[in-house]
There are 2 protein chains.
Amino acid sequence: MTEQTESEKHEKIPAWCAGESWCPVTATANIISKKWHPVIIHRLLDAGSAGFNELKKDVGGVSSKVLSESLEDLEEKGVVKREVISEKPFRVKYSLTERGEDLDDTISSMVEWGRDNLKEAESEEKSII
Amino acid sequence: MTEQTESEKHEKIPAWCAGESWCPVTATANIISKKWHPVIIHRLLDAGSAGFNELKKDVGGVSSKVLSESLEDLEEKGVVKREVISEKPFRVKYSLTERGEDLDDTISSMVEWGRDNLKEAESEEKSII
DNA sequence: CGGCATCCACATGGATACTG
DNA sequence: CAGTATCCATGTGGATGCCG
């Protein structure tokens, strides 16, 4: 790929991507483009923090395995923070890092967009067709 | 923060989700949670419109098959609009619908977040570890 | 140019059971 | 409570080739 002999138009690929092999959109997408990631982050933004099963309930419909994997993934990416708050009755607490909380804008706009467009889409869809 | 008596915590699941089986975050996530969707939308936001191969180049690294599937998917979801602008030299034009353009907030915040967090993350990552 | 058809590899995630 | 361990079904996407 990257054959730029033909047009210059493609040289432009907006400033933030120019010359670099990575792209903010793609990079961010890699983080939130997993089925449960956005919801998990959203729930944590809302609750502040939560235990494993608590979060599992809040998210709704996710299996232990997947939630576990997702949290681990988000932790690696510096978005989620995991703390063991008690050993005897073993308890952990998941919360967002600052970086994770900065995703508020993105998540919020997703919520907003969803509310504005998808909700009506469901009903419109049936009447339009 | 926001520590409640853990019992009433679960009943609440924010207003916009209460009692309903769907959730704006999840719904929106279903639309942008495919590998190339965010980038495609972003490129269209930036370029206004583009032909198939043009878009393919701008996106970068996507195969015809996947781009085709993605566009079809986004079209079904009312985010992307496809117009045949010429039959003889066969040409189409992809652009965003209004609904698609409304995703600007989301995509922009993703870009911003990516620039702020991921870029530095790459270099920090190495110095921190 | 703008795709679709195929094949195939691997990622993702659901169900279920079990553990410290 | 907070996960792991399996197994398996499906999703997702890359490579390649062909077609109108």
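The chains referred to below are lettered A, B, ... by the order of the sequence lines, with proteins before strands, and numbering in each begins at 1. On a predicted model such as this, the values are computed, not experimentally measured, just so you know.
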What is the distance, rounded to the nearest whole Å, between atom CG of B:N53 and atom P of C:dG3? 8 Å
Criterion side chain to side chain contact (heavy atoms under 4.5 Å, CB included) on B:C23 and A:R43, from CA distance to verdict: CA-CA 11 Å; B:C23 187; A:R43 298 308 194 256; 3.6 Å; yes
Figure out the CD/C1' separation between A:E75 and D:dA2, and round it to whole Å. 13 Å
Go through the steps for B:S64 and B:K56 under the test side-chain hydrogen bond (donor to acceptor under 3.5 Å, both in side chains), then give the verdict. CA-CA 7 Å; B:S64 294; B:K56 187 179 170 189; 3.0 Å; yes
Is it the case that more than 12 heavy atoms not belonging to B:K93 sit under 6.0 Å from its NZ atom? no
Phosphate contact (C:dG3 OP1 or OP2) by B:R82 side-chain N/O below 4.0 Å: yes
Calculate the interatomic distance between B:K34 atom NZ and C:dG13 atom P; express it in whole Å. 13 Å
What about B:F90 and B:L71, same hydrophobic cluster or not, with Ile/Leu/Val/Met/Phe/Trp/Tyr joined at side-chain heavy-atom distances under 4.5 Å? yes
For the pair made of CD in A:E83 and C1' in D:dA2, what is the distance, rounded to whole Å? 16 Å
Along DNA chain D (nearest heavy atom to each residue), the more 5'-positioned of B:K35 and B:S64: B:K35
Please state how far atom CG in B:N30 lies from atom C1' in C:dT12, giving the value in whole angstrom units. 14 Å
For B:L118 and A:T28, which heavy atoms make the closest approach, and how far apart are they? CD2-N, 3.6 Å
Between CD1 of B:I85 and C1' of C:dC1 the distance, given in whole Å, is 11 Å
Between B:E69 and A:S33, which has a closest nucleotide on DNA chain C that is more 5'? B:E69
Value in whole Å for how far the P atom of C:dA5 lies from CG of B:L67: 16 Å
Can you tell me which nucleotide in C:dG2, D:dA2, C:dC4 comes closest to the side chain of B:F90? C:dG2
Does a distance-only test, which skips hydrogens and angles, find a donor-acceptor pair under 3.5 Å between the side chain of A:K65 and the base of D:dG3? no
OP1 or OP2 of D:dC1 sitting under 4.0 Å from any side-chain N/O of A:Y94? no
Looking at the side chain of A:R91, which of C:dC4, D:dC1, D:dG3 is the nearest nucleotide? D:dC1
Can you check the A:K88 NZ to D:dC1 C1' distance for me, whole Å? 13 Å
